[in-house]
Amino acid sequence: AVVSTQSTGGNTKLALCCSLVAGCLQILMGFFFLGFVVWVISTPILCGFTTAAALTIAFGQLPKLLGIKGVRRQFWRSIYDTFSKIKSTRWPDAVMGVVCLIILFALRFLQRWTESKRNRVTAQRNIRVQNAMMASGWLLCVSRNIVVVLIATGVAFATRYGSTPFTMVGNLTG
């Protein structure tokens, strides 16, 4: 959507239409089992495309993570604006973002650890308790995104009185 917005000259309706057509093409390709077409594309091309997409997404989210305002959307300009305005970082936003990322990575690590433990055979008496704990841990880890969103929303809601320390939340009306 970001690329289509830039290529359509800022016309949001046209960008949405391009995104819809791309999504419909992907659904049709999946319906007709045309995934093998990807094997025709060389590995360096796929790696380059994936890396470029990851960098575009990362630098698009970095100003929001740091609470920096007034960053342009074009890739090179967003990099320049982010690093030139790094002194205007809002520390509550940065701390909230980093803590959320740490929690996400910790839950991801916990999920992999519990999956490796689940595959081992244990000879304990309380196997039902152990299975319940493993299932609870698995559920927590699988739903880690919503858990972090709920925690961050709760913190933002609890600190909303008097001032708004988080620019990510903003003002909600209605």
Side-chain angles (χ1 to χ4, degrees), residues 1-23 26 38 41 43-117 136-174:
V2 173
V3 174
S4 60
T5 302
Q6 291 176 359
S7 63
T8 58
N11 187 346
T12 307
K13 291 180 182 179
L14 185 58
L16 287 173
C17 185
C18 290
S19 297
L20 179 68
V21 169
Q26 288 179 354
V38 174
I41 303 170
T43 303
I45 299 291
L46 288 175
C47 290
F49 177 77
T50 306
T51 303
L55 287 173
T56 302
I57 292 169
F59 276 106
Q61 295 301 313
L62 187 61
K64 296 171 184 72
L65 179 73
L66 299 175
I68 299 173
K69 297 286 186 185
V71 176
R72 293 174 280 189
R73 292 185 60 128
Q74 292 85 8
F75 180 70
W76 293 112
R77 290 181 178 166
S78 71
I79 294 173
Y80 175 78
D81 288 347
T82 300
F83 287 115
S84 66
K85 297 179 181 183
I86 198 78
K87 291 182 180 179
S88 66
T89 297
R90 291 188 42 102
W91 295 109
D93 287 333
V95 169
M96 172 76 88
V98 169
V99 167
C100 287
L101 285 174
I102 289 171
I103 292 171
L104 283 171
F105 282 120
L107 289 174
R108 182 178 176 191
F109 174 77
L110 182 65
Q111 179 184 9
R112 290 183 178 168
W113 183 75
T114 55
E115 286 174 354
S116 69
K117 292 288 185 184
S136 300
W138 174 81
L139 184 62
L140 175 69
C141 294
V142 168
S143 59
R144 63 183 171 260
N145 292 341
I146 190 67
V147 168
V148 169
V149 167
L150 291 174
I151 290 171
T153 303
V155 169
F157 182 76
T159 59
R160 77 183 192 287
Y161 296 108
S163 66
T164 53
F166 304 111
T167 58
M168 289 183 266
V169 178
N171 293 329
L172 301 176
T173 59

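Since this is a predicted model, take the numbers as computed values, not measurements.
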- Item | Set of residues satisfying side chain to side chain contact (heavy atoms under 4.5 Å, CB included) with respect to Ile45, sequence neighbours excluded | Ile41, Ser42
- Query: Between Val142 and Gln111, which heavy-atom pair has the shortest distance, and what is it?
  - Reply: CG2-NE2, 3.8 Å
- Item | Heavy-atom side-chain proximity of Phe59 to Trp76 below 4.5 angstrom | no
- Arg112 side chain to Phe109 backbone, donor-acceptor under 3.5 Å: no
- Message: Once side chain to side chain contact (heavy atoms under 4.5 Å, CB included) is applied, do any residues pair with Phe49, and if so which ones, sequence neighbours excluded?
- Response: none
- Any chance you could lay out the side-chain contact (heavy atoms from CB on, under 4.5 Å) test for Val99 and Val155, step after step, and finish with the verdict? CA-CA 12 Å; Val99 167; Val155 169; over 6 Å; no
- Closest non-hydrogen atom pair between Ser78 and Thr82, with its separation: O-OG1, 2.6 Å
- Query: Residues two or more places apart in sequence or in another chain: which of them pass side chain to side chain contact (heavy atoms under 4.5 Å, CB included) with Leu20?
  - Reply: Cys24
- Please examine the side chains of Leu107 and Leu110, heavy atoms only from C-beta on, and report whether any two atoms are closer than 4.5 Å. yes
- Just how far is it from atom OG1 of Thr50 to atom CG of Leu55, taken to the nearest 0.5 Å? 11.0 Å
- Task: Working to the nearest 0.5 Å, report the span between SG of Cys141 and CG of Leu104.
- Result: 11.0 Å
- Message: According to side-chain hydrogen bond (donor to acceptor under 3.5 Å, both in side chains), who are the partners of Arg72, at least two apart in sequence or on a separate chain?
- Response: Asp81
- Message: So, taking the atom named CD1 in Ile103 and the one named CG in Asn145, what distance separates them when rounded to the nearest 0.5 Å?
- Response: 12.0 Å
- Query: Who pairs with Thr89 by side chain to side chain contact (heavy atoms under 4.5 Å, CB included), at least two apart in sequence or on another chain?
  - Reply: Leu66, Ile68, Ile86, Trp91, Ala94
- For Leu65 and Val98, which heavy atoms make the closest approach, and how far apart are they? CD1-N, 4.3 Å
- Rounding to 0.5 Å, atoms CD1 (Ile151) and CZ (Arg144) come to a distance of 13.5 Å
